[in-house]
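First the proteins, then the strands, lettered A, B, ... as listed; each starts at 1.
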Protein chains: 2
Amino acid sequence: MISRVESAAATRRALLAAAADLLDSGGLDAVTLRAVGARAGVTRGAPYRHFPDKESLLIAVGTQAWEMLGQRMQALRADSGLSPAEKVRGGLSTLIDIGRRQPHLYKLMFSNPPGDPTALARAAQRSQTEFLAVVADLVGEQEARRYAALLISSANGIAGMEASGLLADPKWGGVTAADLTDTLVGMIRATFL
Amino acid sequence: MISRVESAAATRRALLAAAADLLDSGGLDAVTLRAVGARAGVTRGAPYRHFPDKESLLIAVGTQAWEMLGQRMQALRADSGLSPAEKVRGGLSTLIDIGRRQPHLYKLMFSNPPGDPTALARAAQRSQTEFLAVVADLVGEQEARRYAALLISSANGIAGMEASGLLADPKWGGVTAADLTDTLVGMIRATFL
DNA sequence: CTCGAGAGATGACAACGTCATCTGAAACTC
DNA sequence: GAGTTTCAGATGACGTTGTCATCTCTCGAG
């Protein structure tokens, strides 16, 4: 038997999953409270029992994504079979892969909401901390913060360029996101050798 | 006396200016066709005489911004008082400055519309070509395309991180967008010396 | 002078986010 | 176990939005 609080929690999860699905398949415009409710098996008003408004629901979806990324970053850092450079490259690739596979979710993760300007930074905490530690192994504690910020920013930009189709321009000679990541990590490594 | 076509063109310009103003001050949500019309001195239906739909209006605003950036890039390239490295740095700073001063416009410039996936790439053509030439002066024709793509992507990412407030996190030790740009250009220069 | 074209105004419609209110069942009190 | 509280969900309504069909009026060509 399912208790009332269990059922409520299940609905909340269903709403989050529905919103994430709709975001993936149809973009932000497809995420309407009515559609989310319908996909979760409830009506349009039900989400208001779990989230104060639509923006909060989207923040929750983005936070969920950041948390999963944080776990992957931690696993990457803990992987003893990889060199520091490989870990850095892996971290960047992980981020860029989200941008490629789930461009709308990715955009959500980096678009901070007007209502709560700190929501993103809070959600991104763990991912960034893990990545910072990985970078420190490569470039040392002294310069870690600057280079970690640069690397995350660059990876973010590469993913964004790819998502908006700007990288596909023949002007760039068919360069891929992976090429740019390699170039970047190569430059970092050359700088610290 | 103003002719009819002149007045129509003036309305079109007024609509574009109104949309850009509203975007700057209140973000994308503030750009409603009714508000744009009101600010341009017409009613809500008038924009449909100049743009097929709202998305087209926004594309036009973004295209305008890309064109102005293209002009600035050209002027930068033509400036004989700057070294190649300074030109590259200037180009990146110009882009990042737009991100800082007009974050909503900046986001629009890099957010590819569902209706016309090639609109952005077309609008960005000139800016990218100019920047490509500047980069070629620094790293040579051979590697110019890859590094230009990397630099634009990175600048884009830096601007995005700054705009979403993720750079302000104390974790990064108070690093600024300018710091990251300098670090990036410094690495490029070191690689090609 | 006539008339077609086109810019703008206006009314209407469906979809949206949101709120107030209602309903019913689970959970708690005695 | 009966009565009461609580809360997830359903429903109706409202204001706003993008968009379309239709109407008006004025400018410019013939």
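- Between B/Glu55 atom CD and D/dT17 atom C1' the separation is 16 Å, expressed in whole Å.
- Between D/dT19, C/dT18, C/dA9, one nucleotide has an atom nearer to the side chain of A/Asp53 than all others, and that is C/dT18.
- A sub-4.0 Å separation between OP1 or OP2 of C/dT18 and a side-chain N or O of A/Tyr48 is present.
- Of the charged side-chain nitrogens involved, at least one lies within less than 4.0 Å of a carboxylate oxygen, so that B/Arg39 and B/Asp21 count as a salt-bridged pair.
- No contact: A/Val36 has no heavy atom under 4.0 Å from any strand.
- When rounded to the nearest whole Å, the span between CG of B/Leu57 and P of D/dT17 equals 15 Å.
- Closest to the side chain of A/Arg34, from the set C/dG17, D/dT19, D/dG9, is C/dG17.
- Considering every non-hydrogen atom in both A/Gly62 and A/Met109, the closest pair reads O-CG, 4.3 Å.
- A donor-acceptor pair under 3.5 Å is absent between the side-chain atoms of A/Asp24 and the main chain of A/Gln102, judged by distance alone.
- Rounded to whole Å, the distance from CG on A/Leu15 to C1' on D/dA8 is 11 Å.
- A/Glu55 contributes a side-chain N or O that, together with a main-chain N or O of A/Gly115, makes up a donor-acceptor pair within less than 3.5 Å.
- For residues 38-45 of chain B, proximity to DNA chain C is found at B/Val42, B/Thr43, B/Arg44, B/Gly45, defined as any non-hydrogen atom under 4.0 angstrom from a strand atom.
- Between the CZ atom of B/Arg12 and the P atom of C/dG8 there is a distance of 12 Å, rounded to whole Å.
- For A/Ala121, there are no side-chain contact (heavy atoms from CB on, under 4.5 Å) partners two or more places apart in sequence or in a different chain.
- Counting to the nearest Å, the C1' atom of C/dA15 and the CG atom of A/Leu22 are 15 Å from each other.
- For A/Arg49 against D/dG9, a side-chain-to-base donor-acceptor contact under 3.5 Å is present.
- Applying the 4.0 Å criterion to OP1 and OP2 of C/dG8, one finds that B/His50 has a side-chain N or O inside that range.
- B/Thr191 places none of its side-chain heavy atoms less than 4.5 Å from the side chain of B/Val139.
- For B/Leu33, the listed nucleotide lying nearest its side chain is D/dT19; candidates were C/dG17, C/dG8, D/dT19.
- Phosphate proximity of C/dA7 to B/Thr11: absent, as no side-chain N or O sits under 4.0 Å from OP1 or OP2.
- By the ring pair (Phe, Tyr, Trp, His ring centres under 6.0 Å) test, A/Phe110 is found to be paired with A/Trp66, A/Tyr106, residues two or more places apart in sequence or in another chain being considered.
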